[in-house]
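Written below as structure tokens is the structure these notes are about.
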Amino acid sequence: MNAALLQSLQDLLGDAGFLRGGDLTAYEQDWRKRYSGHAMAVVRPTSTLEVAAIVRLCAMHGVSLVPQGGNTGLVGGSTPDDSGRQILLSLNRMQRIRAIDAANLTVTVEAGCVLQTLQQAAEAQGLLFPLSLAAEGSCTIGGNLATNAGGTQVLRYGNARELCLGLEVVTADGEIWDGLSGLRKDNTGYSLRDLFIGSEGTLGVITAATLKLYPQPLARTTALAICASLEDAVQLLGLAQQRAGAGLTGFELMNRFSLELVQRHFPQLPQPLAGSPWTVLLELSDSESAAHAKTIFEGLLETALERGLIGDAAVAQNLLQSRNFWHLRESIPLAQSLEGLNIKHDIALPVSCVAEFVASTDAALAAAFPGVRLVDFGHLGDGNLHYNVQAPEGIDPAGFLAAHEAAVNGIVFDAVDRYRGSISAEHGIGQLKVDELAARKSKVAISLMRTIKRAIDPLNLFNPGRILR
Ligand code: FAD
Ligand code: ZN
């Protein structure tokens, strides 16, 4: 039976669109090399019609599909299991930008388009597609929507969901739902779009999307500021929001240890304000001029100094310096990998609770695991922390992870629950957090999710075992 399916897929897609045998590691292993599997075949359609035909064939043969974009997800959602009985559906040949409507400020793009390519296409027309994350050179629009990606501009522009107006989706029965609306207002029944966004490939295959664009800001300026406490950093955020309003497009947090790791592994990166417990990166976008942005920054930072919220600050004097500041922030995950395996948490909390959460959870972890090193950084403006736990100096990281991951997660996630936070702010559930979700989400919520999954994908064709078991 599978031989018949494989033959049909090969006939449909030809050699370029059908891969079997040979080295398929790029498709079968995830970015962190934490998950790997083995697919029956990798299929690479070039059109929505081909995706629909693939889904119909797989449904007919009862074979499940794992959709994949840039394969940069961090929770094992886009790698096949190791049964050799799943088809890996890569969208990486569907990259067309179908249309840019400058008056409507929208773009319609295929799911496999790389995020950076879309950013550049918008920029070429003087427009901005604001979604921005460190994986933007590889991740795709389909993957961004399927995971409801966040990144560094959420504070001003929202996450992928808020940037999406319409979708085109291939459903489990191989139908094409054309919901490529460019409307900002449309209250015609249930929001099907929102059902597919964030569904991590478990409800349908996103083949195209209509997304919001914005005018390019005339200037962007970045500053670093150091704070003695996290409470001060949160107050600085309030002050910056008050002074800059929608002009505040980034507010990122880095603790001392995260910057020490960057210093250790990337000593060539300048660190103008090293050694403080907390460093904040602020970004202002301005529709007037760079000089105007700098004036706002200087006033804001002066007030912050007077109120004792910051110890010192450095405003980027040019684009290169601005890039270097961002580079510091974006190098933390890499520096952390170079330091060795670690336990990652991508959590969200009400901004008002972040300082208390960090103080109490840091203390609980230090008491349970003396010498443990905490890499706290992330998007403070969104209440989203990457709260990562590194083994004590001199202790084998892999051994620490194997022995203590469950206990560490227990301490961190129990605290997240106490503050009514989220155990997955932006990376999703995938395979990594399936059990944690089942244990911590309310029974009513899990039951509603199961009802939706069964109704939309009754054969469990799409990405089985992800999000829900
Ligand atoms: P993939 O990894 O290929 O897939 C992710 C999930 O989406 C899988 O479940 C897959 O089945 C599903 N999927 C993919 N395409 C489709 C489709 N067309 N239709 C239906 N389902 C589909 N994420 C953030 O949110 N914020 C960050 O700041 C951030 N920073 C990162 C930094 C680095 C260095 C790395 C490696 C990753 C980072 N990520 C971040 C995670 C990752 O980049 C995002 O989750 C991204 O949105 C995944 O896109 P992708 O195309 O690589 O999707
Ligand atoms: Zn992030």
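As the structure is a computational prediction, the values presented were derived from the model and not from experiment. Both ligands and their constituent atoms are indexed starting at 1 by order of listing.
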Looking just at side-chain N and O atoms, do N463 and T202 make a donor-acceptor pair shorter than 3.5 Å?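 No, no side-chain donor-acceptor contact under 3.5 Å.
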Can you tell me the protein heavy atom closest to [atom] and the distance?
atom: atom 38 (C) of ligand 1; result: L74 CD1, 3.8 Å
atom: atom 19 (N) of ligand 1; result: I206 N, 2.9 Å
atom: atom 25 (O) of ligand 1; result: G150 N, 2.8 Å
atom: atom 50 (P) of ligand 1; result: G70 N, 3.4 Å
atom: atom 6 (C) of ligand 1; result: T147 CG2, 3.6 Å
atom: atom 53 (O) of ligand 1; result: G143 CA, 3.5 Å
atom: atom 37 (C) of ligand 1; result: T72 O, 3.4 Å
atom: atom 22 (C) of ligand 1; result: A146 CB, 3.4 Å

Review point. Ring centres of Y214 and F129 under 6.0 Å apart?
Key: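 For Y214 and F129, the ring centres are not under 6.0 Å apart.
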Does an N or O from [X], backbone or side chain, lie closer than 3.5 Å to an N or O of ligand 1?
X: P67; value: yes
X: G69; value: yes
X: V205; value: no
X: N71; value: yes

Go through ligand 1 atom by atom and flag the ones less than 4.0 Å from a non-hydrogen atom of H427.
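Taking each heavy atom of H427 in turn, ligand 1 has 23 (N), 24 (C), 40 (C) under 4.0 Å.
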Could you tell me, atom by atom, which parts of ligand 1 come under 4.0 Å of a heavy atom of L91?
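What qualifies from ligand 1 is 18 (N).
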- Item | Under 2.8 Å from the Zn ion (ligand 2), the protein N, O or S atoms, given as residue and atom |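 Near the Zn ion (ligand 2), below 2.8 Å, one finds H379 NE2, H386 NE2, E426 OE2.
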So which of [options] gets nearest to [atom], if we judge by its closest heavy atom?
atom: atom 34 (C) of ligand 1; options: Y27, F462, F196, W31; result: W31
atom: atom 30 (N) of ligand 1; options: V169, I467, L133; result: L133
atom: atom 33 (C) of ligand 1; options: S78, A135, G77; result: A135

- Query: What class does the angle between the rings of H345 and F413 fall in, given that below 30° is parallel, 30 to 60° is tilted and above 60° is perpendicular?
  - Reply: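 Perpendicular, since the angle between the ring planes exceeds 60°.
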